[in-house]
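Below is one structure, written out as structure tokens, with a few remarks after it.
Hydrogens, waters and symmetry mates are skipped; everything else that's a heavy atom, side chains included, is used. These figures come from a predicted structure and were not determined experimentally.
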Amino acid sequence: MRYPDGGGLTAKQRARREQVRFEAAELFAQGVTPPQVARRLRVSRKSAYAWHARWRDGGAEALRSKGPSGRPSRMKPEWRAWLAAELDKGPAAHGWTEDQRWTLARVATVIARRFHVRFSQAQTWRILREMGWTVQVPVRRAAERDEEAVATWIKETLAAGGKTVRDRDAWLCFADEAGQLLRPPKACTWSRRGRPPLVRVRAAGSGRISLAGLVCHKAGRRTRLVFRMLVHHGRKGEKKGFRERDFASLLDAAHQQLGGNIVLVWDNYSHHVDAAMRELIGKRPWLTVFRFPTYTPDLNPAEGVWAHLKKSLGNLTPCSIDDLAGLVRTRLKRMQYRPDLLGGFIAETGLITTPP
């Protein structure tokens with residue numbers, strides 16, 4: 001790892017670089033030349049020669065860190081702890097209700113209001129970086145979501161599902177549906193400055209792909225993905241989406257492939273909870289069903305499958321809905337051979353802490 005010669009390092013970075021200097025001192029004591037030290041430790045020759053001169057005059061102690069250079073920061077450690085707690089509350093708690101973005105100017109204003117010290121945007125950026133904050137794209141969450149209901153569901157319903165999985169030696173399966181049109185998701189690509197890239201998509205024609213899938217987990221077994229796809233060409237009388245019997249067929253296929261009982265967790269979609277679906281579930285003694293609380297797509301690992309799929313279709317230019325169907329099927333089949341990826345979708349939800 002190459003270390004910069006300049007200042008502006010964090011305490012952890014300074015400690016790491018001090019350790020490199022001590023390693024250099026050991027090499028100097030063995031008669032290794034500065035150019036060889038530079039190659040072994042992957043630092044610049046200028047640094048190696050400077051360290052050698054300091055070591056020759058004062059030994060290894062001369063290479064000990066002298067602490068941060070320059071004037072000490074006005075941002076005290078206790079201020080940073082307070083700032084982190086305030087930023088977690090969100091911009092609305094500090095009067096910015098028009099949007100939910102933390103900007104450098106807003107963070108500097110929050111600090112100035114509390115401590116009467118005004119930092120520049122560059123200084124605010126360095127403070128946030130030292131606190132471990134970075135610029136990130138937010139994850140959407142429904143305002144109607146009831147966090148208390150979610151906590152109760154995890155404590156009671158999910159625990160009951162886990163007990164059923166253990167008692168029946170069953171697979172824990174998470175189900176969800178998705179769809180894709182010919183118009184592809186947008187994805188970043190390189191282009192000349194001031195000239196946005198152009199992706200040509202088909203404006204004529206129609207069609208839609210409907211997807212239903214199960215992410216299946218069992219301790220000691222590789223994570224599995226079972227899916228079904230319907231292609232709607234826009235023809236009269238053609239099935240447009242999955243209905244109760246289609247879901248039942250998917251569950252039967254999963255039962256046959258997995259070779260065991262299934263504990264199913266899915267959302268409150270109307271075709272999941274109506275009388276026809278309840279009747280089909282009652283006819284399958286190997287199936288136990290639990291439902292997610294409302295407005296909680298982030299708890300479903302199958303959502304990660306669809307997000308990963310659509311990311312791989314960014315800026316796609318299919319000629320027909322059948323071409324798109326072939327690509328979608330290929331992408332999903334690739335995921336079936338990547339149990340580590342599927343396990344990552346489960347781990348991201350935080351519902352299962354043991355490795356798949």
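Shortest non-hydrogen contact noted between Arg208 and Gly179 is NH2-CA, 3.6 Å. Leu332 and Leu225 get closest at one heavy-atom pair: O-CD2, 3.9 Å. Between Asp99 and Pro91, the shortest heavy-atom contact is O-CB, 4.3 Å. Nearest heavy-atom pair, Ile262 versus Cys173, reported as atom, atom and distance to 0.1 Å: CG2-SG, 3.8 Å. Contact record, Val263 with Gly161: CG1-O, 4.3 Å, taken as the closest heavy-atom pair. Pro301 and Thr349 make their closest contact through N-CG2, 3.8 Å (heavy atoms, listed as atom of the first residue, atom of the second, distance).
Between the side chains of Asp176 and Trp306, at least one donor-acceptor pair of N or O atoms lies under 3.5 Å. Remark: the Thr288 side chain and the Arg168 side chain contain an N/O donor-acceptor pair separated by less than 3.5 Å. Between His271 and Arg243, the side chains place a donor N or O and an acceptor N or O closer than 3.5 Å (distance only, hydrogens not considered). Checked by atom type, the side-chain pair His233/Asp322 shows a donor-acceptor distance below 3.5 Å. Side-chain contact, Glu177 with His272: a donor N or O sits under 3.5 Å from an acceptor N or O. Under the 3.5 Å distance criterion, with hydrogens and angles disregarded, no donor-acceptor pair is assigned to the side chains of Gln121 and Thr124.
Within the 3.5 Å criterion, the main-chain N or O of Ser120 finds a donor-acceptor partner in the side chain of Gln123. A donor-acceptor pair under 3.5 Å is formed between the side chain of Arg113 and the backbone N or O of His94. Looking at Trp102, its side chain does come within 3.5 Å of a backbone N or O of Leu87 through a donor-acceptor pair. Between the side chain of Gln180 and the main chain of Arg183, a donor-acceptor pair closer than 3.5 Å is present. Between the Glu244 side chain and the Ala276 main chain, no donor and acceptor come within less than 3.5 Å of each other. The closest donor-acceptor contact from the side chain of Gln36 to the backbone of Thr33 lies under 3.5 Å. Between the Arg284 side chain and the Leu280 main chain, a donor and an acceptor come within less than 3.5 Å of each other. Not one N or O on the side chain of Lys240 forms a donor-acceptor pair closer than 3.5 Å with the backbone of Ser210.
Here the CG atom belonging to Leu316 is positioned 15.0 Å from the NZ atom belonging to Lys186, to the nearest 0.5 angstrom. Atom NE2 of His232 is separated from atom CG of Leu181 by 10.5 Å, given to the nearest 0.5 angstrom. Between atom CG of residue Leu342 and atom NE2 of residue His217 there is a gap of 12.0 Å, rounded to the nearest 0.5 Å. Asn315 contributes atom CG, which lies 10.5 Å from atom CG of Leu198 (distance to the nearest 0.5 angstrom). Atoms CH2 and CZ, from Trp51 and Arg21 in turn, are 6.5 Å apart once rounded to the nearest 0.5 Å. Asp169 CG to Thr164 OG1: the interatomic distance, rounded to the nearest 0.5 Å, is 12.5 Å.
Contact of the Val165 side chain with the Trp171 side chain is not registered, since no non-hydrogen atoms from C-beta on lie closer than 4.5 Å. Contact check for Arg114 versus Glu86: no side-chain heavy atoms found under the 4.5 Å cut-off. Leu251 places a side-chain heavy atom less than 4.5 Å from the side chain of Trp286. With contacts defined as side-chain heavy-atom distances shorter than 4.5 Å, the pair Val273/Met277 does not qualify. Two residues are said to be in side-chain contact when any heavy atoms from C-beta on lie closer than 4.5 Å; Leu341 and His308 meet this criterion. The shortest distance between side-chain heavy atoms of Asn268 and Thr294 falls below 4.5 Å. The shortest distance between side-chain heavy atoms of Val328 and Arg331 does not fall below 4.5 Å. Residues Pro35 and Tyr49 have side chains in contact (heavy-atom distance under 4.5 Å, counting atoms from C-beta outward).
The pair Glu279-Lys283 counts as a salt bridge, with a side-chain nitrogen and a carboxylate oxygen less than 4.0 angstrom apart. Ion pairing between a basic and an acidic side chain is recognised when a charged N comes within 4.0 Å of a carboxylate O; Asp340 and Arg222 show no such pairing. Ion pairing of Glu78 with Arg80 is absent here, as no side-chain N (NZ or NE/NH1/NH2) approaches a carboxylate O to less than 4.0 Å. Taking a cutoff of 4.0 Å between a charged side-chain nitrogen and a carboxylate oxygen, Asp298 and Arg145 qualify as a salt bridge. Ion pair Asp274/Arg278 not flagged as a salt bridge, since none of the NZ, NE, NH1 or NH2 atoms sits closer than 4.0 Å to an Asp/Glu carboxylate oxygen.
Put simply, Leu214 and Met335 are part of two different groups of oily side chains (I, L, V, M, F, W, Y) that touch within less than 4.5 Å, one to the next. There is no path of hydrophobic side-chain contacts, each under 4.5 Å, that joins Ile346 to Leu264. By the rule that hydrophobic residues join a cluster once side-chain heavy atoms approach within less than 4.5 Å of another member, Phe115 and Leu104 end up as members of one cluster. Using a 4.5 Å cut-off between side-chain heavy atoms of Ile, Leu, Val, Met, Phe, Trp and Tyr, with links allowed through other members, Val107 and Phe119 fall into the same hydrophobic cluster. Taking hydrophobic clusters as Ile, Leu, Val, Met, Phe, Trp and Tyr residues chained together by side-chain heavy-atom distances below 4.5 Å, Val215 does not share a cluster with Val226.
Under the 30°/60° scheme for interplanar angles, the aromatic rings of Phe242 and Phe247 are found to lie parallel. Under the 30°/60° scheme for interplanar angles, the aromatic rings of His52 and Phe28 are found to stand perpendicular.
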From CA spacing to verdict: salt bridge (Lys or Arg N to Asp or Glu O under 4.0 Å), Asp252, Arg245: CA-CA 10 Å; Asp252 290 337; Arg245 293 194 177 278; over 6 Å; no
Kindly indicate, with the supporting measurements, whether the criterion side-chain contact (heavy atoms from CB on, under 4.5 Å) is fulfilled by Thr109 and Ile111. CA-CA 5 Å; Thr109 300; Ile111 298 173; over 6 Å; no
Carefully, step by step, assess Asn300 and Thr296 under the rule side-chain contact (heavy atoms from CB on, under 4.5 Å). CA-CA 8 Å; Asn300 194 341; Thr296 56; over 6 Å; no
Should Arg17 and Ser47 be marked as a side-chain contact (heavy atoms from CB on, under 4.5 Å) after you check the CA-CA gap, both sets of side-chain angles, and the distance that decides it? CA-CA 11 Å; Arg17 190 167 186 204; Ser47 294; 3.6 Å; yes
Does the pair Lys310 and Ser312 meet the rule for a side-chain contact (heavy atoms from CB on, under 4.5 Å), with working shown? CA-CA 5 Å; Lys310 294 189 176 184; Ser312 71; over 6 Å; no
Begin with the C-alpha distance, continue with both residues' side-chain angles, and end with the deciding distance and a verdict on ring pair (Phe, Tyr, Trp, His ring centres under 6.0 Å) for Phe290 and Trp266. CA-CA 7 Å; Phe290 294 90; Trp266 60 5; over 10 Å; no
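Aromatic pair Phe292/Trp153: ring centres closer than 6.0 Å.
Within 6.0 Å of CD on Gln256 lie no more than 12 heavy atoms contributed by other residues, nucleotides or ligands. Taking a 6.0 Å sphere around CD of Gln100, one finds it holds 12 or fewer heavy atoms contributed by other residues, nucleotides or ligands. No more than 12 heavy atoms of other residues, nucleotides or ligands lie within 6.0 Å of CD in Glu348, so this atom counts as exposed by the packing criterion.
For the pair Arg101 and Trp96, the cation-pi criterion (under 6.0 Å, within 45° of the ring axis) is not fulfilled.
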